[in-house]
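Worth saying up front: this structure is predicted, and the values here are computed from it rather than measured. Chain letters run A, B, ... following the sequence lines, proteins first, then strands; residues in each count from 1.
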Amino acid sequence: MKYDVNEQGFYGDFGGAFIPEMLYPNIQELKSSYREILNDDAFKKELSGLLENYVGRPTPLYFAKRLSEHYGTNIYLKREDLCHTGAHKINNTLGQVLLAQRLNKSRIIAETGAGQHGVATATACALMGLECIVYMGAKDIERQAPNVSRMKMLGAEVRPVHSGSKTLKDATNEAIRDWINNQDDTHYIIGSVVGPDPYPDLVTRLQAIISEEIKKQMDGLPTHVIACVGGGSNAIGAFYHFLEDETVKLIGVEAGGLGVKTDKSAATLALGSRGVLHASMSYLMQTSDGQVIEPHSISAGLDYPGIGPLHAHLHDCKRVLYSNVTDHEALEAANRLMQLEGIIPALETSHALAYLEKMTFNPTDKIVINLSGRGDKDMSTYINLAT
Amino acid sequence: MQTLKRVLETKKEGLLNIYCTAGYPELNDLPTIVNALHDAGVDMVEIGIPYSDPIADGETIQQSNAVALKNGITIDLIFEQLEKCNKDIPKIVMTYFNPVFKYGLEHFCEQCQKVGVDGLIIPDLPLDLYQSMYEKLFKKYRLSSIFLITPQTSTERLKYIDELSSTFIYAVSSSSTTGKISGINTSDRYLSGLKDLGLKHPILVGFNISTSKDLALVNQHAQGGIIGSAFIKHLRENRSLEEACHTFVRQMLKD
Ligand SMILES: Cc1ncc(COP(=O)(O)O)c(C=O)c1O
């Protein structure tokens, strides 16, 4: 596929493995084995069995009748929120836990922002009987409390991270440091299409099932596919099998925070420039001295100053349109979905929904929105704003 | 890189290289620290350009980076401060790839040469990228790229790193973040093995050296040692900078 990663681990100018020598053996081990493992029949059978019977895949592609009427078009929701654990993240963690077993790793580490990836990792580890440690920014521990409790119930250890902005970026730094210090027995399950090569490709492959299913579930091609973008895993999952169908408009929605003209935003492609964060070349929010800027978003899962390298590439070659919506617009969109469709979406997902307000429609359009997760974890935010 | 080369050629054992973070503890402390270390008999200094996300560093150096950034340190300010440092002591700049990339690699190298920097340690700069894109620049501005090796680095890769090196090779005492473990006794076998590798370039050992005993042990096997976290901690606990530099070096050289 023309947008796939090249032999050097790059998507155009983006990607690569900017890692210290201490991580070289681990990355090398992963790089030299992941494709073979992912393509192995026994692996594929085990993973697809779990996805079907444990996660509940395929997830429905639901025609949202009232939302469609509201906008005068046809809107379909890809129901990743109905996955076990409540978000698309489990597609990745189950695949990576099976991979870790084949690499003989007994200890799993992960970072998490919203806690969805942490919960999905803890779940997969409980299922396989593996030790699980999740790094989470202290600020996120506060604002996503239900997920912290869930991780602990599932047997994971949650380690608070107090450095930097105390959010996803810092949790990722800490997970990388853990991996440097525990190389032999540990596999790092990164939660999005970020990090050093081969992670962006590995996670892309595991999330691509979303668009594979959409393609089967739809009668013909959609006109648009819309997804929110933090690191970009649910978005690439929803886009992947449409990348070469150039008529399908693909739209990624970043978190605008209080607005891209304020200094409280997480819209990386609107505000960022080229650079290396978490070991891959992409766009990131940074000062003129290359210091990473602390982002802001109401949604912990989108509160990240970088973006996966494949998205940077798709942005530069204009295959995907990247936009952003504010905290406020996302909250309004969440309320709209609750009241028109009886679905409480995750705050992250609400950003994708909010983009509908910025579109003009044809009655014949077929718009797919990737409903990446459900809003259980965001109850306190929704309740506080409703009162 | 000539100053560094000269020191490596004239002093064949017991080299002491001390790391400090520019902008720490106070914004303009760098020249005072470098000059005091020189007076105290340190053979070379490693100057850290702070970065917001230092993934290879443990808590102590993470914290010194964060404090320095809060103090308002910038790359240009560091270049100005480097001009005020003693010219005779070899200077190695350590930082991460992103600040250098954002500053502009060529401009960065040019400035380094101008203020008398001998070499660069950029731990997250991939070897193949260095070779294909940046080696020419480093050569043009007479900067030595100093690469890390770990106990897990394969012999084949060691040879490749040796080929790409031009002054010394930085062997980390154990594959960890900086200052993670206290003491380096666990890496004795690794250290003794280094000598037998037959590499063209000398080796300095760093990470987790915190006492004069650690340093003495390293010196049995390598041309010298690099101390980072222990020195930063020492600075944190002592008021007068100059005195702190002198007492630290005295302590380290007593065995
Ligand atoms: C429901 C949901 N959607 C989206 C995201 C953003 O991540 P990504 O961009 O990798 O899909 C998260 C991350 O926590 C999430 O929980």
Side-chain angles (χ1 to χ4, degrees), chain A residues 7-10 13 15-29 111 161-165 169-184 195-197 272-294 305-306, chain B residues 49-59 62-63 65-66 68-70 72-78 95-104 108 121-130 132 147-154 157-158 161 169-172 174-178 180-181 207:
Chain A
E7 271 309 304
Q8 286 73 44
F10 279 81
D13 292 344
F18 294 76
I19 47 164
E21 187 63 23
M22 290 78 86
L23 276 183
Y24 184 80
N26 287 40
I27 291 296
Q28 208 48 32
E29 177 183 38
E111 84 296 336
V161 176
H162 295 280
S163 56
S165 48
K169 163 183 86 91
D170 311 284
T172 308
N173 288 339
E174 218 42 61
I176 294 174
R177 291 186 188 113
D178 180 310
W179 208 24
I180 289 176
N181 290 315
N182 299 282
Q183 298 165 358
D184 294 345
D197 173 60
S273 55
R274 288 177 184 220
V276 170
L277 175 65
H278 298 141
S280 76
M281 177 67 72
S282 186
Y283 283 93
L284 66 121
M285 292 166 54
Q286 57 182 330
T287 67
S288 58
D289 243 21
Q291 308 296 344
V292 182
I293 290 175
E294 296 177 0
Chain B
I49 296 186
Y51 178 46
S52 53
D53 297 81
I55 53 169
D57 285 300
E59 262 171 63
Q62 280 174 48
Q63 209 185 21
N65 276 241
L69 289 170
K70 221 173 176 182
I73 198 71
T74 63
I75 298 178
D76 281 329
L77 212 57
I78 295 170
T95 190
Y96 288 83
F97 185 70
N98 196 55
V100 177
F101 177 78
K102 181 68 181 167
Y103 190 86
F108 186 87
I121 301 172
I122 306 176
D124 57 347
L125 169 60
L127 292 181
D128 51 347
L129 207 66
Y130 169 75
S132 62
F147 299 103
L148 267 50
I149 61 172
T150 80
Q152 273 75 46
T153 307
S154 68
R157 198 164 161 81
L158 284 175
I161 288 171
I169 294 171
Y170 189 143
V172 306
S174 70
S175 210
S176 67
T177 49
T178 55
K180 175 74 184 171
I181 308 159
F207 283 33

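- Looking at B:T153, B:T150, B:I149, B:I55 one by one, the single match for side chain to side chain contact (heavy atoms under 4.5 Å, CB included) with A:M22 turns out to be B:T150.
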Please report the C-alpha distance between B:K102 and A:S273 in whole Å, then the side-chain angles of each, then the deciding distance to 0.1 Å, and finally whether the side chain to side chain donor-acceptor pair (under 3.5 Å) criterion is met. CA-CA 9 Å; B:K102 181 68 181 167; A:S273 55; 2.8 Å; yes
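- Once rounded to the nearest 0.5 Å, the distance linking CD of A:E21 with CZ of B:F147 reads 10.0 Å.
- Note: B:D124 CG to A:S280 OG = 11.5 Å, rounded to the nearest 0.5 Å.
- Separation of atoms OH (A:Y24) and CD (B:Q152) is listed at 13.5 Å; rounding is to 0.5 Å.
- The heavy-atom pair separating B:S175 from A:Q183 by the smallest distance is OG-NE2, 3.0 Å.
- Only the side chain of A:E174 comes within contact range of chain B, judged by heavy atoms closer than 4.5 Å.
- Looking at A:T172, neither its backbone nor its side chain comes within 4.5 Å of chain B, counting heavy atoms on both sides.
- Counting only distance, with no hydrogens or angles, the side chain of A:Q291 and the backbone of B:P50 share a donor-acceptor pair below 3.5 Å.
- Closest approach of B:P126 to A:A17, counting heavy atoms only: CG-O, 3.5 Å.
- Interface summary for chain A: among B:D76, B:L69, B:D128, B:N98, the most heavy-atom pairs under 4.5 angstrom belong to B:N98.
- For chain B, the nearby part of A:Q286 is the side chain; its heavy atoms alone come within less than 4.5 Å.
- For the atom pair A:D178 CG and B:T177 OG1, the distance stands at 9.5 Å (nearest 0.5 Å).
- With a threshold of 4.5 angstrom between heavy atoms, B:F207 approaches chain A through side-chain atoms but not through N, CA, C or O.
- With a 4.5 angstrom heavy-atom cutoff, B:I122 does not touch chain A via any of its atoms.
- Within the 4.5 angstrom heavy-atom criterion, atoms from both the backbone and the side chain of A:I180 approach chain B.
- In this structure, the side chains of A:V292 and B:Y51 come closer than 4.5 Å at one or more pairs of heavy atoms.
- Only the side chain of A:L284 comes within contact range of chain B, with at least one heavy atom under 4.5 Å from a heavy atom of that chain.
- Listed options B:D57, B:I49, B:V172 were ranked by heavy-atom pairs under 4.5 angstrom with chain A; first place goes to B:D57.
- Atom CD1 in B:I73 sits 9.5 Å away from atom CG in A:D289 (nearest 0.5 Å).
- Of the candidates B:K180, B:E59, B:Q62, A:R177 forms a side chain to side chain contact (heavy atoms under 4.5 Å, CB included) with just one, namely B:Q62.
- With B:F101 as the aromatic partner, A:R274 does not meet the cation-pi criteria of under 6.0 angstrom to the ring centre and within 45 degrees of the ring axis.
- Put simply, the residue from B:Y96, B:F97, B:Y130 that forms a ring pair (Phe, Tyr, Trp, His ring centres under 6.0 Å) with A:F18 is B:F97.
- The candidate from A:T287, A:V276, A:N181 with the greatest count of non-hydrogen atom pairs under 4.5 Å with chain B is A:N181.
- Heavy atoms closer than 4.5 Å to chain A are found nowhere in B:A66, neither backbone nor side chain.
- Between B:D53 and A:K169, the shortest heavy-atom distance links the atoms OD2-NZ, 2.7 Å.
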